[in-house]
Every structure is written in structure tokens, then in C-alpha cells.
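All of these numbers come straight from a predicted model, not from anything done at the bench.
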Amino acid sequence: MANENSNTQPEKRRWKISFFDIIIIVLVIALAGAYVVHKTHSTSDGGAQTAEVTYTVEITDLEKNTEGMINKGDSLIDKVKKYNIGKVQSVDFYPYEKSTLDENTNQYVNSVVPDRYSAAIVVKTDCVDNGASLTADGGFPIKVGHEVSLVGPGYSGSGYIISIERGDN
């Protein structure tokens with residue numbers, strides 16, 4: 001009897017395609033196609049042009065020793081998302097002012113904070129200009145009022161983009 005069982009081979013099961021299998025396959029192909037179309041449209045020209053842009057970032061509340069650290073040609077990186085945001089063209093240091101309440105007049109006035117400085121850093125980068133927005137080659141959005149946390153060689157700071165100059169203007 002043991003011989004009988006050893007001669008019988010297990011039955012091979014065949015995979016049969018059902019209606020639901022076909023629907024799933026069609027959905028996967030459609031989603032893959034939509035993804036490819038979306039990626040090619042987002043990376044294609046679509047009216048966007050590469051342009052050289054110069055913009056100014058104001059970083060505030062710096063120590064005096066930072067002045068000697070920021071140099072023309074420094075590559076700047078976004079501290080949060082690690083985007084390349086451009087190269088320093090020039091830097092201008094000036095006393096840091098903070099808005100404080102004047103108790104005598106009950107109005108806010110700008111007061112110089114001792115031993116603290118602000119810097120206006122002029123940055124140049126290549127970017128994609130689609131007319132409505134500017135994006136640095138590294139993916140960093142460039143628009144006035146955009147908050148920036150930047151890192152340079154040996155220093156870091158945060159502030160805002162205060163002006164933009166497009167290459168054709």
C-alpha cells in the first residue's frame with residue numbers, strides 16, 4: 001500500500017484568470033501610465049525656462065564673528081530640506097533691530113540690539129522660471145517673503161527673501 005501512494009503525484013493546479021484579475025491588471029497599467037505622463041509633463045519644458053536669478057536673503061540676530069565667515073562664492077544649502085540655494089555674490093552687515101514697545105508712547109519702535117547683527121546676502125543661482133514661480137535647480141522655491149534657513153561653510157542663519165532680480169530685467 002505504501003507503494004501505491006508513492007506512485008501518485010500531486011495534482012498540478014493551474015492559475016485561471018478571472019474577471020477581477022483582469023480589472024486589477026488594467027488598473028495597475030492605467031496607474032503606471034498616468035504616473036509616467038504626470039512625470040513627463042512636470043519635467044518637460046511646458047513654457048518654463050532656465051534663467052539666472054539674483055535674490056537677497058536677510059538673516060537676522062547674528063553674532064559679530066559671523067561677519068568674517070560669509071564670503072563671496074560660498075555655496076548655500078537649505079538647512080531643512082538640503083536644497084542647493086545658490087552662491088553668495090555679496091554680503092552687507094548692519095546692526096540688528098528689533099521691534100519693541102515704547103511704554104511712554106505705547107507704540108512699537110525699532111530698537112538696535114547691542115552686539116547683534118543682520119546680514120543682507122545677495123545670492124545667485126540658476127532656476128526654472130515658468131512665469132508664475134521660480135524654483136532653484138536644487139528644488140528650492142524662490143519668492144519674496146519665503147522663509148529661509150540656510151547653512152554655509154561654518155555658519156547658519158534664518159530669515160526671509162527680501163528681493164529678487166531676474167536675469168532679463
Side-chain angles (χ1 to χ4, degrees), residues 24-101 107-113 115-169:
I24 290 173
I25 291 169
V26 168
L27 279 174
V28 168
I29 291 171
L31 288 173
Y35 177 77
V36 168
V37 168
H38 173 71
K39 280 298 184 184
T40 56
H41 276 292
S42 64
T43 58
S44 68
D45 197 322
Q49 299 176 11
T50 301
E52 191 171 76
V53 171
T54 303
Y55 62 99
T56 304
V57 177
E58 181 183 49
I59 55 176
T60 57
D61 201 14
L62 299 170
E63 293 182 7
K64 176 72 173 164
N65 64 359
T66 308
E67 187 172 359
M69 300 173 107
I70 302 174
N71 299 302
K72 181 177 181 176
D74 287 351
S75 290
L76 299 177
I77 307 283
D78 179 78
K79 189 186 238 182
V80 178
K81 295 189 178 179
K82 308 299 184 221
Y83 292 134
N84 178 13
I85 63 173
K87 291 193 179 282
V88 174
Q89 297 300 299
S90 64
V91 62
D92 181 34
F93 278 85
Y94 46 91
Y96 173 53
E97 292 183 359
K98 187 175 184 178
S99 183
T100 56
L101 180 64
Q107 293 181 343
Y108 284 94
V109 294
N110 287 340
S111 301
V112 173
V113 178
D115 300 323
R116 303 305 286 180
Y117 296 87
S118 294
I121 303 173
V122 177
V123 180
K124 186 179 275 191
T125 188
D126 289 330
C127 70
V128 176
D129 179 358
N130 68 9
S133 66
L134 296 169
T135 306
D137 281 343
F140 181 75
I142 301 172
K143 57 186 166 186
V144 172
H146 183 76
E147 186 172 10
V148 179
S149 291
L150 59 84
V151 176
Y155 58 89
S156 66
S158 63
Y160 295 91
I161 295 175
I162 59 172
S163 70
I164 298 173
E165 292 179 33
R166 296 178 189 227
D168 58 347
N169 291 348

Testing the basics here: between [X] and [Y], what is the closest heavy-atom pair and its distance to 0.1 Å?
X	Y	answer
Glu67	Lys64	OE1-NZ, 2.8 Å
Tyr117	Glu63	CD1-C, 4.3 Å
His146	Phe140	CD2-CZ, 3.7 Å

query: How long is the gap from CD1 on Ile70 to CD1 on Ile121, to the nearest 0.5 Å?
result: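 Output value for this atom pair is 4.0 Å.
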message: Measuring from atom CZ of Arg116 to atom CG of Leu62, what distance do you get when rounded to the nearest 0.5 angstrom?
response: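 Interatomic distance, Arg116 CZ to Leu62 CG, rounded to 0.5 Å: 7.0 Å.
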Please examine the side chains of [Y] and [X], heavy atoms only from C-beta on, and report whether any two atoms are closer than 4.5 Å.
X	Y	result
Thr135	Cys127	no
Val144	Tyr55	no
Leu76	Val57	no

- prompt: Is Asp115 reaching over with its side chain to a backbone N or O of Val113, donor-acceptor style, under 3.5 angstrom?
  reply: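 Judged by distance alone, no pair lies under 3.5 Å.
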Side-chain donor-acceptor distances from residues 148-163 under 3.5 Å, at least two apart:
{"unit_1": "Tyr155", "atom_1": "OH", "unit_2": "Asp74", "atom_2": "OD2", "d": "2.8"}
{"unit_1": "Ser163", "atom_1": "OG", "unit_2": "Thr56", "atom_2": "OG1", "d": "3.2"}

Donor-acceptor contacts, no H, no angles, side chain residues 84-98, under 3.5 Å, sequence neighbours left out:
{"unit_1": "Asn84", "atom_1": "OD1", "unit_2": "Gly86", "atom_2": "N", "d": "3.3"}
{"unit_1": "Lys87", "atom_1": "NZ", "unit_2": "Ser75", "atom_2": "OG", "d": "2.9"}
{"unit_1": "Tyr94", "atom_1": "OH", "unit_2": "Glu58", "atom_2": "OE2", "d": "2.5"}

